[in-house]
Visitor: 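One structure, pasted below without further comment.
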Amino acid sequence: MISKGIWNTACFLWVAAPILSFWPGSHPKVAFMAWWVLASVLVLAMSFLQPAVHRVNVFRWLLAACLAVFSVHGLILYQKDSFQFGTAWLLKAALILSAATVVAEREPWEKLFGYLTFCAIVQIPVVLLQQFGLDTPWGSRYGTLGQRAGLSVLFAYLAVNATGRKAWLFALGSGLTTSLSGAVVALWKVLVGLRRWWVNLACFLGTFGLLLWVQTDARLLTRLSVWTDGSFWRRGLLTGHGFLPMSGTFREDALKGAALGSVRFTDFHSTWLDWVARFGLLGIAVLIPLVWWVVKSTFRQDRKIASWKVWSFALGVFAGAVQSAEAMAILSLLGMFWFMRLNK
């Protein structure tokens with residue numbers, strides 16, 4: 001009983017670390033990653049308490065892809081700074097992906113989804129306290145994540161994997177963040193589920209209006225101009241830019257304290273563009289087996305395709321296109337949840 005409780009606590013902490021963590025005086029992104037790495041070490045150390053019940057290979061594939069791109073930029077194209085950044089990146093990826101494998105092989109997805117739901121519900125009182133101007137360990141806005149896009153995608157993932165009223169409530173929560181990153185797919189999912197022609201027409205008109213709004217929103221226009229610039233291809237079509245901070249990207253200085261170090265974040269606000277810019281055609285090639293597995297697992301079925309598979313796929317593609325996993329650890333966590341359920 002005690003060993004089971006220790007193991008359950010380790011699994012919960014692994015899920016909660018990139019959502020609820022904080023460290024006084026440090027940037028939230030640094031705190032999330034630091035605690036997630038420590039929680040991963042705890043999971044690996046306690047894995048002997050719970051035997052594996054089935055085999056999960058998807059995270060091993062991802063780790064092999066990480067090793068491949070590191071070998072190119074950290075060893076073959078050796079530069080001192082790139083090697084240092086790349087070693088730290090590979091170490092974090094190895095610990096987190098190894099812990100994901102251990103957890104997925106020992107715990108049912110439904111149980112882990114319950115932990116994730118709890119972390120999402122915690123956002124409600126935290127946001128209310130922030131709205132009333134009260135201090136919280138996570139700052140003054142957007143719950144424990146500090147970013148409305150992170151909250152939006154978190155609630156959207158819960159919405160596409162829930163049914164009935166729960167799906168509606170989570171979709172509403174995603175919409176209330178006012179971020180399109182998760183709200184578009186979450187609201188579309190619950191509206192299309194009504195199965196009325198006029199609702200589908202409204203969805204179509206709403207999407208058309210959204211596209212018009214995108215053309216006039218300054219922030220999104222800025223993103224589009226960066227995404228369509230294409231200069232990152234000229235920096236290295238084959239191997240990409242590597243692990244060093246990239247130029248021509250969005251920047252955020254994490255110099256709000258030195259408790260966990262000072263880091264400068266650079267990204268394209270797009271997970272897919274980040275990967276391509278950093279690792280080029282080589283990065284695309286090493287992910288082809290994973291992409292093929294995701295598409296096959298989602299759409300190749302003898303019977304009717306499960307609704308959650310289609311909407312999870314849509315959310316993964318869309319959220320990954322407009323937000324960066326380098327900037328938000330929550331995207332990586334939700335991606336792992338997606339793969340865990342696909343692997344069942």
Side-chain angles (χ1 to χ4, degrees), residues 14-21 28-29 32-33 36 96 100 109 112-124 126-127 130 138-139 141-162 166-191 207 210 214 217 219-220 223 227 250 252 265 267-275 294 298 307-342:
W14 184 82
V15 173
I19 304 175
L20 304 181
S21 298
K29 295 176 184 178
F32 287 150
M33 188 55 64
W36 202 12
I96 293 172
W109 177 88
L112 300 174
F113 188 73
Y115 294 156
L116 186 68
T117 303
F118 173 82
C119 293
I121 294 174
V122 169
Q123 307 304 311
I124 299 174
V126 173
V127 169
Q130 292 169 338
W138 301 278
R141 295 190 300 173
Y142 309 129
T144 67
L145 294 171
Q147 291 178 295
R148 64 190 182 113
L151 269 182
S152 178
V153 178
L154 172 59
F155 280 110
Y157 180 79
L158 297 176
V160 300
N161 285 276
K166 289 183 178 179
W168 275 96
L169 289 173
F170 289 135
L172 178 62
S174 182
L176 288 175
T177 65
T178 70
S179 171
L180 302 178
S181 302
V184 170
V185 175
L187 292 173
W188 184 284
K189 184 252 185 182
V190 294
L191 289 173
T207 303
L210 176 63
V214 166
D217 184 86
R219 291 172 301 174
L220 294 180
R223 291 193 186 189
W227 293 343
F250 300 96
E252 179 177 351
F265 297 97
D267 60 77
F268 280 99
H269 285 0
S270 171
T271 300
W272 314 133
L273 280 184
D274 285 344
W275 183 269
V294 169
T298 301
S307 172
W308 70 264
K309 290 186 176 182
V310 176
W311 291 111
S312 294
F313 181 85
L315 178 63
V317 172
F318 183 76
V322 299
Q323 294 296 335
S324 170
E326 290 190 29
M328 296 190 296
I330 183 65
L331 289 186
S332 298
L333 177 67
L334 296 179
M336 292 177 192
F337 266 80
W338 174 24
F339 296 159
M340 285 179 189
R341 195 175 187 189
L342 271 182

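These figures come from a predicted structure and were not determined experimentally.
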Visitor: Determine yes or no for a side-chain-to-main-chain donor-acceptor pair under 3.5 angstrom, with Q130 supplying the side chain and G143 the backbone.
Guide: yes

Visitor: Identify, with sequence neighbours excluded, every residue that meets side chain to side chain donor-acceptor pair (under 3.5 Å) alongside T144.
Guide: Q123

Visitor: Can you see which heavy atom on F170 is nearest to which on A162, and at what distance?
Guide: CD1-CB, 4.2 Å

Visitor: Begin from the C-alpha positions of S332 and I96 and carry the test side chain to side chain contact (heavy atoms under 4.5 Å, CB included) through to its verdict.
Guide: CA-CA 10 Å; S332 298; I96 293 172; over 6 Å; no

Visitor: Whether the S312 and R341 side chains hold a donor-acceptor pair (N or O, under 3.5 Å, no angle test) is what I'd like checked.
Guide: no

Visitor: Using the ring-ring contact (aromatic ring centres under 6.0 Å, His included) criterion, which residues pair with W275? Sequence neighbours excluded.
Guide: F279

Visitor: Could you tell me whether the side chain of W36 and the main chain of I19 form a donor-acceptor pair under 3.5 Å?
Guide: no

Visitor: Angle between ring planes, W109 versus W308, binned at 30° and 60°: parallel, tilted or perpendicular?
Guide: parallel

Visitor: Start with the C-alpha distance between T177 and Y142, add both sets of side-chain angles, then the distance that settles side chain to side chain contact (heavy atoms under 4.5 Å, CB included), and finish with yes or no.
Guide: CA-CA 8 Å; T177 65; Y142 309 129; over 6 Å; no

Visitor: Got a sec, which residues hit side-chain contact (heavy atoms from CB on, under 4.5 Å) with V317, two or more places apart in sequence or on another chain?
Guide: F313

Visitor: Ignoring hydrogens and angles, tell me if any N or O in the side chain of T117 forms a donor-acceptor pair with the backbone of F113 under 3.5 Å.
Guide: yes

Visitor: Apply side chain to side chain contact (heavy atoms under 4.5 Å, CB included) to Q323 and T271, showing your working.
Guide: CA-CA 6 Å; Q323 294 296 335; T271 300; 5.6 Å; no

Visitor: At their closest point, which heavy atom of L151 faces which heavy atom of L145, and how far apart are they?
Guide: N-CD1, 3.6 Å

Visitor: Kindly indicate whether the side chain of F337, heavy atoms from C-beta on, has any atom under 4.5 Å from the side chain of N161.
Guide: no

Visitor: CG of L315 to CH2 of W338: how many Å apart, nearest 0.5 Å?
Guide: 8.5 Å

Visitor: Keeping the roles fixed (side chain from S324, backbone from H269), state whether a donor-acceptor pair exists under 3.5 Å.
Guide: no

Visitor: Test side chain to side chain contact (heavy atoms under 4.5 Å, CB included) on F32 and I330; report intermediate values, then the result.
Guide: CA-CA 9 Å; F32 287 150; I330 183 65; over 6 Å; no

